[in-house]
Each structure stands twice: as C-alpha cells, then as structure tokens.
Peer 1: 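What follows is a structure written as structure tokens; I'll ask about it next.
As the structure is a prediction and not an experimental result, all values here were calculated from the model. Throughout, a chain's letter reflects where its sequence line sits, starting with A, and its residues are numbered from 1.
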There are 2 protein chains.
Amino acid sequence: MSNYEYNAALIGTGTIGLSFAALHLMTISASGGKTRVSIYDPRPQLKEYIDETLPGYLSNVWASTAQKASYATAPTVSSLLESGQLVLAETLAAAVKDADLVQEQGPENVAFKQKIWAEIEANAPISALFWTSTSGITASTQGALMLQPERLLVLHPFNPPHIMPLLELVTSTSGADKASTSGEKTEEDVLVQRTLAYWNSRGRQPVILRKEVTGFVANRLAMALLREAAYLVEQGVASAADIDRIVEQSLGPRWAVHGPFWSYHAGGGAGQGLGAFFDKIGGTVQACWDDAGKVNLGEGDWQERLVKQVEGAYGVLGESQLKDRDDKMKQILDVTMQ
Amino acid sequence: MSNYEYNAALIGTGTIGLSFAALHLMTISASGGKTRVSIYDPRPQLKEYIDETLPGYLSNVWASTAQKASYATAPTVSSLLESGQLVLAETLAAAVKDADLVQEQGPENVAFKQKIWAEIEANAPISALFWTSTSGITASTQGALMLQPERLLVLHPFNPPHIMPLLELVTSTSGADKASTSGEKTEEDVLVQRTLAYWNSRGRQPVILRKEVTGFVANRLAMALLREAAYLVEQGVASAADIDRIVEQSLGPRWAVHGPFWSYHAGGGAGQGLGAFFDKIGGTVQACWDDAGKVNLGEGDWQERLVKQVEGAYGVLGESQLKDRDDKMKQILDVTMQ
C-alpha cells in the first residue's frame, strides 16, 4: 500500500507545471497526507531539466507555505526521487496509470489538448480527477475526443500558482441544464467536491465559475484592461512604462485589498454604496466606455511597436527581478489574505 | 510676511478635498516650508463639518507620512485655525486672493466647473497654479469660460489621495502643437514644472499624460475592467463577490507590484518577453477581446440588479471597513513603493 494519500500525475512541466509540482510535493492535508507526483514531459533531457529548475520552486514553496510536508528544509530532487515521492515517468500511460489526479499544463493548442485528454482518459483509473491548467481553452472543447468529456475540469491558476492563491474551477457543463437536475447530485458535482476537498485541505479555496466562457474570468478582466492600456500607448497618451506606474500607484494596491465591486461600493465613503457611485460619476463611467479603444492582434503594427517600447523600457527581465516580484507579492498576500 | 511657503486654496471638501487638505497641512518641503490652507465650501455648517471630519484625515496622514510638518502628534483643527495655518473662507474670492495654488474638487458637472474656474481666475493672483481633481472632465472643457484656459491643469488623484501615490497631471494642450514650439519653453511647461516641484518636494511623482483624453488613464483602465466584470455578472458567469475574490487573489497583488506591461513582459519567465507572451497565448488574448461584453448605463436593468447584488453581498460599508482597507493599502505601498 502506498505511503501517499494522493497520486498526482503532472503532464507538462513549464513554469506552471513546476510550480504545481512543488505545491503538490510540499503541502500536506489536514490529516498529514502527502501527495506523490509522477511527471510526464516529452522534452529531451527531462532529468537534467528537473534537476536544474525544480529546486528553486521547492525552496520557494517551502519558504512560503505554512503547511510544509514535514521537511526541516526544502528537500532535494534526488531525495524525492529516491524516496519515490517524485517519479519521472517514461510514458504518459505510466504517469497516469495509478493517478488520483491528473493535472495538465501543455501547450495552449486545441489539437494537442484534445488528443492528450483522450489518451489520459484511456490510461488513467476511472476515478481519477482530470484538471487542465489552460489559460483559455474550455473543458468542453478540450474534451471533444473523450468518452466522458464531463470528467474534465478546468482548474485555471494564476502565474505563479505556488504564490497566487487563485484557482478558477470550471466544468464543461457549468450552468447547463442545472435547473432540470435540481436536487440530484450529478457526477460532475462529485468531481467538483473532490477537487475542492483536495485544495481546501491545502489552504486554497478555488472559485467556481457558473458558466464556461472563453478565457474564464481573471484573464478576461486582465485582457479588457490590457486592451485599453495598449490602445492608450498606441494613441500616445502615455508610455507603457508610465501606464505601469499609474497602475502600480492606484488600481493594483486598491484591488489587492478589495476587488472592483467592493471598491466602488466603498467609493463614496462610509454609508454610501455602488448605487451612489453610479449616480455621482456615472457620466464619467459611460464616457470612458464610449471612448474606449480597440486594438486587435495582427491588425496594424501597434503590437511590434508596443513590444519594442516595453523591451526598451525594461530590457530582458532576469531571475533576480522575478524573485523580487515574487517576494513582494508574497508580502502583499500576507497582508491581504489573513 | 507669511510664515508659509505656499498658500493653498481648496475649493470643495468632500472626501478628496479633505484628504488633500490634510496632505497640504501635514507635509513640508525639503527646506521645511509649510503650506497654509484656505478652504472654501458653500455647504451649511462648514465649521462643524470640518471639526468632525478633518481630524481623521489629519491623524491618518500624520501616521503615514514621513515628512510631517514638525508636529509631535497630529494637530487639532482648532490649533490649526488659531495658528492661521487653516482658514475657513467666507467667499470664494477670499479663499483664492493670496493663493499660490488653487485646487478644486467640486461636483463632476461641466457647468459648475466652467463657472467656478472663471470665477477663480478673476480673483486669484496671476501667478497662482490651478489644479482640478476631476475624475474625467478635461481641462479644456472646464476652462471654456476662462480668459487663459491653458492655466488650468488636471491633477487627478486616486481615492484616497492621502494614501494613494498616484497623481495624473494633464494640461489642456497636452500634445497639441508641441512640435512647432520645440526648444521653446512654453507657459504651460512652466506651470507643469512648478506643479512637479511642489509635489516632488512632498514625495510625490505625478505622471504626466501626453494627450488629454476622457477619463485620463487610471479611470479608463479601471472602467474597461469594470465593464467586463459587470458583463460577466450579468451573464451569470460569476457573482460580484466571486469576481472581487478573483481579482484580490490574482490581478490585484500582481499589479500592485508591477503594472500590466511589465507583468506580461515577465509572463513567460526569465529571458522571455512581451513578444513571446503574444506568440504563446495571443490566441487566448484575441479570443477574450472578441468575446468581451458591453454594458451601458441606462440600457436594460443590469445596473439595478448589480447594485442589489453588491448590497446583498456587502451590506452598508462602515468606517471600520474603510479604515481596515486604508491600513492594508498603506502596508502594501510600504512593500511596493520602496
């Protein structure tokens, strides 16, 4: 019998995959259960790549996670491999065959995802949970070649997932025909509950979306702001770096504490509310909406100009800058997520 | 001769006005200069209102500002009135007659602003700086009845200004005909430089916008996100409270540290860049843009439903909740603005 409460199979180990690997390896459930992680990634020299990249994630999670898997220091990759808590699988089939949960973070490509999920389904236990980390391809699209596509759940993290608490949980049938099955517990409800149980016991509260939409919520909101920001740069209103500075000095700190609705509900001061906000500055709100810009990828050359401007302003970002960012985000979350 | 380096006239003392009043009263320049503040606000019982509301702002600024105007504790309103550093003016003319800077935060109403700026211009010294805190009405619109409308600058703060560092500085002729006057220092450049000098000496770095646009930058970006958020609530994808939670766990902490362009420039990890980000997930970016929603104020009843939902989720927000928000934002800015 396994010493592990869960067997996790991770398909793909880019930055998101490594971050999740470290999270699964380093966190324990309330009852002390550990998770074993089998990695499948067809990249050449996987062992060398894992040896080189995983330690940074392990020590990062170790330093920031209250629930450490009873390690005095972050474990080494070789100790994890020796103990068998970490396995580098030769094939996809071998990685998923005993899995309680399969988490995929492969390329954002419909054909790839449809093929791999059918293959995972064919090789994993019937009880395994299936989670895709996709940033925008819906579960119903990805599951097109599966026998039971409703098994696939989107569990969309925010980069880097070992720091950012957000997990957006979306089912392929979110919101569909729920009325007709009211009172009955669907298969899907059970999958959602089991997914929540795993993450809740590790200190995370995934947000369940009620409908499956392109890009889910966080990215749709981010892209709405990014589009307007790119438009303002293109119009010459402000440089990309000045727009970053504007956000860092206003919206960022505001929304780190409370999201947009709470913030505007509080906008008029104590005892006011969102209705009073619309009454008072609704004219400006609608004027901004009427005047909002639209850029499209592949239309015109704004994209090249923007990339060039950002590269000119920031150069090539290195590990130390990402580490500084991660450190600051952790400090912020220590303030806000109490 | 005055003991004060600057005479400031504040027109309107809602939350923004009081916050600026406290900032002006409590901060000193590098050379130790203090600012005297004359308030004009036609509300009834102004004295009682100021007695009741200003102390909270004074102690808040006192607690958070490194540059305190050499007070051992936050001063009382009566001590400021006795010393003459704070004056409650009977008329607009009296408030502005010796002003070095006039800062207006009246109702967001074009007719009101046009009228009051003409009146301020007629009564203030020719050298006085004119700043409007408007959240969206451009300087060129507000100055329509002024003799020298180019004197008026937008200095748009982010609520609450005594905590949020952002000041967006916009001139009525931003970007207009700059090429033709290259090399020459315009009158407007001088006003901008004097404005920067005041704020820089008080630890603030206003961001200068190069073109005058509806809503300026921060609010346009916020409104772009708010519109998509309202659309997603209306579509039943997520509740307003869940959307707030999503933002608090992802975009907020990310953008508090680095704005959207830096963040996506770093999106692929060290050594990648914004170009690689567009290459990798451009499909999802454009799909979000193509699918983005539009709500309009006054169209349909989404607005009433949203207000009701937000009221149901959060109730009436009180002083203690705003104080908790302010405390957390200050802690975040301590992390990010070093």
Peer 1: Does any heavy atom of chain B fall under 4.5 Å from the side chain of A:Gln205, the backbone, both, or neither of them?
Peer 2: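 For A:Gln205, the contact with chain B is made by backbone and side chain together.
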Peer 1: In terms of heavy-atom pairs under 4.5 Å with chain A, which of B:Val295, B:Leu317, B:Leu167, B:Val307 leads?
Peer 2: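 Heavy-atom pairs under 4.5 Å are most numerous for B:Leu317.
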Peer 1: Under 4.5 Å from any heavy atom of chain B, what part of A:Pro206 do you find: side chain, backbone, both or neither?
Peer 2: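 Just its backbone gets close to chain B.
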Peer 1: Taking side chain as everything from C-beta outward and backbone as N, CA, C, O, which of these in A:Val233 sits under 4.5 Å from a heavy atom of chain B? Side chain, backbone, both or neither.
Peer 2: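 When you check distances to chain B, only side chain atoms of A:Val233 fall under 4.5 Å.
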Peer 1: Test of understanding: with side chain to side chain donor-acceptor pair (under 3.5 Å), list the residues that count as partners of B:Glu234, not counting sequence neighbours.
Peer 2: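 Partners of B:Glu234 by the side chain to side chain donor-acceptor pair (under 3.5 Å) criterion, ordered by chain and then number, come out as B:Arg305.
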Peer 1: How close do A:Arg325 and B:Ala266 get, counting heavy atoms only, and between which atoms?
Peer 2: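 Taking every non-hydrogen atom into account, NH1-CB, 4.0 Å.
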Peer 1: Count the heavy-atom pairs under 4.5 Å between each of B:Met337, B:Gln235, B:Met164, B:Gln321 and chain A, then report the option with the highest count.
Peer 2: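 Ranked by heavy-atom pairs under 4.5 Å with chain A, first place is B:Met164.
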Peer 1: Quick one: side chain to side chain donor-acceptor pair (under 3.5 Å) partners of B:Thr141, sequence neighbours excluded?
Peer 2: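 Here the qualifying residues are B:Thr138.
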Peer 1: For B:Tyr231 and B:Asp291, which heavy atoms make the closest approach, and how far apart are they?
Peer 2: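 So the two residues come closest at CE2-O, 4.3 Å.
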Peer 1: What part of A:Leu297 is in contact with chain B, defined as an atom under 4.5 angstrom from a non-hydrogen atom: side chain, backbone, both or neither?
Peer 2: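 Backbone plus side chain of A:Leu297, per the 4.5 Å heavy-atom cut-off to chain B.
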Peer 1: Given a strict heavy-atom distance threshold of 4.5 Å, which part of A:Glu304 is in contact with chain B: side chain, backbone, both, or neither?
Peer 2: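 Contact with chain B involves no heavy atom of A:Glu304 at all.
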Peer 1: Hey, could you give me each pair passing side-chain hydrogen bond (donor to acceptor under 3.5 Å, both in side chains) that has a residue in residues 258-287 of chain A? Not counting sequence neighbours.
Peer 2: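 Only A:Gln286-A:Asp290, A:Gln286-B:Asn296 qualify under side-chain hydrogen bond (donor to acceptor under 3.5 Å, both in side chains).
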Peer 1: Under 4.5 Å, heavy atom to heavy atom, which residues of residues 220-227 of chain B contact chain A?
Peer 2: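 Near chain A, by residue number: B:Arg220, B:Leu221, B:Ala222, B:Met223, B:Ala224, B:Leu225, B:Leu226, B:Arg227.
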